Amino acid sequence: KQEVTQIPAALSVPEGENLVLNCSFTDSAIYNLQWFRQDPGKGLTSLLLIQSSQREQTSGRLNASLDKSSGRSTLYIAASQPGDSATYLCAVDDYKLSFGAGTTVTVRA
Amino acid sequence: EAGVTQSPTHLIKTRGQQATLRCSPISGHTSVYWYQQALGLGLQFLLWYDEGEERNRGNFPPRFSGRQFPNYSSELNVNALELEDSALYLCASSPDRVSTGELFFGEGSRLTVL
């Protein structure tokens with residue numbers, strides 16, 4: 001059974017600081033890994049999708065890396081802004097999407 | 001282009017009743033996924049439908065069921081509601097039929113069981 005762990009559970013940083021969010025998974029036989037953002041009480045917004053054959057994906061200030069052999073992914077958010085405050089979830093696709101519990105980020109103005 | 005739409009936004013039921021939640025995927029997407037997000041818990045996979053058939057099911061009792069219609073919209077039915085069924089139910093769609101592919105989520109239906 002796939003287990004997805006996200007560390008830390010919560011993170012509070014001042015505006016402008018870079019964010020590093022970690023995701024680990026137990027079964028490396030995955031199709032892809034996806035990072036999502038969730039605002040309180042809302043649905044999920046897809047941020048980045050990394051295929052199993054890829055090492056990283058970038059979108060604007062976001063960069064996600066994938067090391068499938070070690071079962072790890074990292075989401076980097078550069079120059080954080082208060083609008084980045086949300087819960088960030090990673091999910092691995094092994095014929096069904098298994099989610100981590102998320103990292104709740106607070107960016108202080 | 002319209003995103004994934006879910007209805008109702010909120011639903012209040014009492015124990016033992018039945019709840020029906022609806023989801024319309026993005027146009028062109030054939031796969032629909034249902035997830036439960038209970039307060040303080042992560043997203044739990046419920047069901048995956050593609051081309052009208054159930055492709056995979058999470059670790060939930062049989063009173064959680066659903067179906068997908070010819071237009072790819074989907075219903076999630078929860079029978080004999082229990083208090084712990086109170087949660088945000090999220091629907092997602094994907095154009096990919098082999099793996100999950102990139103998922104696009106709706107805003108969710110919040111079910112409260114009293």
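Computed over heavy atoms, backbone and side chain alike; hydrogens, waters and symmetry mates excluded. Convention: sequence-line order gives letters A, B, ...; per-chain numbering from 1. Just so you know, these numbers come straight off a predicted model, no measurement behind them.
Using a 4.5 Å cut-off between heavy atoms, B:Gln44 makes no contact with chain A at all. Heavy-atom distances place no part of A:Gln6 under 4.5 Å from chain B, backbone and side chain included. Contacts between B:Phe45 and chain A at a heavy-atom distance below 4.5 Å involve the side chain alone, from C-beta outward.
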Under the side-chain contact (heavy atoms from CB on, under 4.5 Å) rule, what do B:Leu90 and A:Gln38 come out as? Steps first, then yes or no, please.
CA-CA 12 Å; B:Leu90 291 165; A:Gln38 185 176 30; 4.2 Å; yes

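A:Leu21 is connected to A:Leu62 through a chain of hydrophobic side-chain contacts under 4.5 Å among Ile, Leu, Val, Met, Phe, Trp and Tyr, so both are in one cluster. A:Leu89 and B:Leu88 fall within a single hydrophobic cluster, where Ile, Leu, Val, Met, Phe, Trp and Tyr side chains are chained together by heavy-atom contacts under 4.5 Å.
Taking a 6.0 Å sphere around NZ of A:Lys42, one finds it holds 12 or fewer heavy atoms contributed by other residues, nucleotides or ligands. Around CG of B:Asn71, the count of heavy atoms belonging to other residues, nucleotides or ligands within 6.0 Å exceeds 12. The 12-atom threshold is not exceeded at CG of B:Leu39, counting heavy atoms of other residues, nucleotides or ligands nearer than 6.0 Å.
Considering only heavy atoms from C-beta on, B:Leu43 comes within 4.5 Å of A:Leu44 through its side chain.
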